[in-house]
Structure formats: structure tokens, C-alpha cells
Amino acid sequence: MMAKIFIPYGTTEGQTAKIADYIADVIRHYGHEAELADLNESPDRIPDGYDGVIVGASIHMGEHNKRVVEFVQKNRDTLQRLPSAFFSVSLAAHGDTEEAEGYVEHLEEETAWRPARVGLFGGALLYTHYGFVKRHMMKRIARNKPGHLGTDLSRDYVYTEWDGVTRFAEDFLDYLAAGTATTSG
Ligand SMILES: Cc1cc2nc3c(=O)[nH]c(=O)nc-3n(C[C@H](O)[C@H](O)[C@H](O)COP(=O)(O)O)c2cc1C
């Protein structure tokens with residue numbers, strides 16, 4: 001059976017958008033449909049006709065994108081009804097998984113949504129793209145966080161493990177297929 005998956009996400013510097021794109025590619029590779037929606041410029045409702053939803057958000061200053069939190073709150077009934085997953089992008093996911101899990105627990109409390117699957121993915125340190133203040137602030141944060149984050153301001157660092165992203169997407173498709181098999185049987 002071909003499934004249609006909706007992938008709404010929030011991104012500030014673009015890493016969550018890249019991960020969402022990658023998940024969409026994995027889904028299409030298995031012959032399913034995937035529709036991406038950047039929540040900075042998309043409608044605030046999940047359209048009809050989807051078999052599953054994967055929501056993505058990144059962490060800034062300890063919080064997931066506000067747009068995403070509001071989107072989840074508005075669409076909680078649909079997210080509860082459909083097979084749904086959430087992925088969180090942060091530097092903590094690279095070195096301090098307890099902190100990264102805490103961010104997701106906080107989102108679950110704020111929204112009362114319990115995604116069936118959760119992915120924690122390392123984000124990026126894009127020193128060459130940040131302005132002066134952000135660049136130096138991020139260097140200070142990188143130095144103080146566990147997980148050996150880079151501090152060379154003349155380059156960027158990407159901590160996303162793409163194999164893990166692939167497994168997350170494949171696992172969601174398995175979960176979707178298992179659910180379809182039981183409800184139609
Ligand atoms: C200003 C700023 C603040 C950040 N704050 C945190 C933080 O509190 N905890 C964390 O784990 N990562 C933090 N990060 C890392 C981001 O989660 C990471 O850069 C991610 O790739 C951003 O994803 P996006 O480009 O999709 O917005 C921060 C990044 C920036 C630029």
C-alpha cells in the first residue's frame with residue numbers, strides 16, 4: 001500500500017529543513033509520497049488525506065521553535081488520531097542525550113501530544129553563517145557543552161548522523177505498515 005506522509009517542520013538556520021528533506025527522500029525511496037511544509041510559511045492546519053505525520057523542530061536557547069509548538073497544539077487531535085512521529089534537532093543530541101530528551105519531554109508537556117516515535121538528531125554549528133555576536137556566543141556554548149563540539153570559527157560543523165535519520169524514517173514506515181495491517185484485518 002502506498003502511504004502519504006506529511007512532514008511539517010520549523011527551522012531557523014536550515015538544518016531541520018535538510019533533515020526533513022532527507023526523511024522525505026527515504027520515504028519516497030520506498031515508494032510512498034512525502035509532502036514537506038516549512039511552518040514559517042505554511043498553513044497552520046494538517047491538510048486532509050494523509051496517512052501519517054512527522055513533525056520536526058530545532059532547539060534554540062533550550063526551546064523548540066515556537067511555530068512548531070503552536071502547530072502541534074492546534075493540530076493535536078489529528079496528530080493523536082494519525083500515526084505520528086517527532087524529531088528534535090539540537091547540539092545536545094550530539095553529546096548530552098539526557099538534555100535532548102528533556103527538550104522533548106518539555107514539548108510533550110506543553111502540547112499534551114505523545115508522538116509514537118521520537119528521533120533526536122545532532123544539529124549544526126554554522127559559524128561561517130552566523131553574525132559576529134551569534135558566532136562568539138555559539139563558540140562559548142560549544143566549549144562548555146559535553147560532546148567535543150568544534151570551536152574553529154573559520155568553518156562549519158554538522159553533527160547530524162544521517163544513518164540514524166534513515167533508520168528513524170524506516171522505523172516509522174514499519175510502524176505505519178504494522179498499524180495498517182492490524183486495523184484493516
Ligand atoms: C542562537 C542559537 C542557540 C542555540 N541553543 C541551543 C540550545 O540551547 N541547546 C542545544 O542543544 N542546541 C542549541 N543550538 C543548536 C541548534 O539546535 C542547531 O544549530 C540546529 O542545527 C539548528 O537547527 P535549524 O537550523 O533547523 O534551526 C542553538 C543554536 C543557535 C544558533
Side-chain angles (χ1 to χ4, degrees), residues 5-27 34-44 53-73 75 84-111 113 115 117-169 172:
I5 314 296
F6 190 56
I7 310 176
Y9 63 87
T11 191
T12 304
E13 286 95 19
Q15 192 62 18
T16 307
K18 280 193 187 140
I19 296 172
D21 260 351
Y22 196 94
I23 291 171
D25 282 345
V26 174
I27 288 170
E35 183 76 39
L36 294 156
D38 182 341
L39 291 180
N40 290 322
E41 48 195 51
S42 297
D44 56 3
V53 184
I54 301 176
V55 180
S58 59
I59 291 286
H60 286 79
M61 300 299 166
E63 301 277 346
H64 285 106
N65 314 57
K66 199 159 174 279
R67 286 278 298 165
V68 177
V69 176
E70 287 169 358
F71 180 85
V72 169
Q73 285 166 339
N75 291 276
S84 65
F86 177 67
F87 68 93
S88 175
V89 181
S90 66
L91 290 173
H94 175 67
D96 185 352
T97 15
E98 214 170 282
E99 187 181 330
E101 280 165 10
Y103 294 147
V104 175
E105 276 163 29
H106 179 59
L107 177 108
E108 293 186 351
E109 281 162 18
E110 277 181 300
T111 61
W113 174 42
R117 292 288 186 277
V118 172
L120 304 174
F121 302 132
L125 274 171
L126 305 177
Y127 289 125
T128 71
H129 293 72
Y130 300 148
F132 181 85
V133 173
K134 213 191 232 186
R135 188 156 61 235
H136 287 274
M137 181 182 71
M138 292 313 291
K139 180 180 177 170
R140 187 153 38 79
I141 290 173
R143 221 195 273 125
N144 295 328
K145 272 195 186 285
H148 307 286
L149 297 166
T151 52
D152 176 353
L153 299 187
S154 69
R155 54 161 288 194
D156 297 330
Y157 298 88
V158 176
Y159 295 105
T160 311
E161 286 171 24
W162 300 103
D163 286 354
V165 179
T166 302
R167 280 196 302 277
F168 170 77
F172 184 72

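Whatever order the structure lists them in is the order used to number ligands and atoms, beginning at 1. Note that these values count all heavy atoms, side chains included, but never hydrogens, waters or copies made by symmetry.
Of all atoms in ligand 1, numbered sequentially from 1 with element shown, those under 4.0 Å from a heavy atom of Thr12 are 24 (P), 26 (O), 27 (O). Proximity to Thr16 (heavy-atom distance under 4.0 Å) selects the following atoms of ligand 1: 23 (O), 24 (P), 26 (O). Applying the 4.0 Å criterion to heavy atoms of Ser58 picks out, from ligand 1, the atoms 22 (C), 23 (O), 24 (P), 26 (O), 27 (O). Ligand-side atoms of ligand 1 in range of Gln15: 21 (O), 23 (O), 24 (P), 25 (O), 26 (O), range being under 4.0 angstrom from any heavy atom. Atoms of ligand 1 found under 4.0 Å from any heavy atom of Thr11, numbered from 1 in the order shown, are 24 (P), 25 (O), 26 (O), 27 (O).
When only interatomic distances are considered, the shortest N/O to N/O separation between Leu125 and ligand 1 does not fall below 3.5 Å. Among the atoms of Gly123, none of the N or O lies under 3.5 angstrom from an N or O of ligand 1. In terms of N/O distances under 3.5 Å, ligand 1 is approached by Glu13. Considering backbone and side-chain atoms together, Met61 places an N or O closer than 3.5 Å to an N or O of ligand 1. For a threshold of 3.5 Å applied to N or O pairs, the pair formed by Ala92 and ligand 1 contains at least one separation below that value. Of the polar atoms of Gly10, none of the N or O atoms is found under 3.5 Å from an N or O of ligand 1, judged by distance alone.
Atom 1 (C) of ligand 1 has Met137 CE, 3.6 Å as its closest protein atom, hydrogens excluded (heavy atom only). For atom 7 (C) of ligand 1, the closest non-hydrogen atom of the protein is Ile59 CG2, 3.6 Å. Protein heavy atom closest to atom 18 (C) of ligand 1, with residue, atom name and distance, is Ala124 O, 3.5 Å. At the shortest separation from atom 8 (O) of ligand 1 among protein heavy atoms lies Gly62 N, 2.9 Å. The shortest contact between atom 15 (C) of ligand 1 and any protein heavy atom is with Leu91 CG, 3.5 Å. Scanning all protein heavy atoms for the shortest distance to atom 9 (N) of ligand 1 gives Tyr103 OH, 3.0 Å.
Here the side chain of Arg67 pairs a donor or acceptor atom with the backbone of Leu39 at under 3.5 angstrom. When atom types are taken as modelled, the side chain of Asn65 and the backbone of Val68 share no donor-acceptor pair closer than 3.5 angstrom. Judged by distance alone, with hydrogens and angles left aside, the side-chain atoms of Thr160 form no donor-acceptor pair with the main-chain N or O of Trp162 at under 3.5 Å. Under the 3.5 Å distance criterion, the side-chain polar atoms of Asn75 are matched with a main-chain donor or acceptor of Phe71. The main-chain N or O of Val104 is never found under 3.5 Å from a side-chain atom of Glu109 such that the two would form a donor-acceptor pair.
Contact of the Tyr159 side chain with the Leu125 side chain is registered, since non-hydrogen atoms from C-beta on lie closer than 4.5 Å.
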**Study point:** Criterion ring-ring contact (aromatic ring centres under 6.0 Å, His included) on Phe168 and Phe121, from CA distance to verdict
**Key:** CA-CA 10 Å; Phe168 170 77; Phe121 302 132; 5.4 Å; yes
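Nearest-residue assignment for atom 28 (C) of ligand 1 (options Arg135, His64, Met138; heavy-atom criterion): Met138.
There is no side-chain donor-acceptor pair under 3.5 Å between His106 and Glu101.
Surrounding CD of Glu161 are at most 12 heavy atoms belonging to other residues, nucleotides or ligands under 6.0 Å away.
You'll find the ring centres of Phe86 and His64 inside the 6.0 Å limit.
Look at Tyr159 and you'll find every heavy atom at least 4.0 Å from all atoms of ligand 1. The shortest separation from a heavy atom of Glu63 to ligand 1 is not under 4.0 Å, leaving the residue out of contact.
Ring-plane geometry between Tyr127 and Tyr130 is classed as perpendicular, the angle between the planes exceeding 60 degrees on a 0 to 90 degree scale with a lower cut at 30.
Atoms OG and CZ, from Ser84 and Arg117 in turn, are 10.5 Å apart once rounded to the nearest 0.5 Å.
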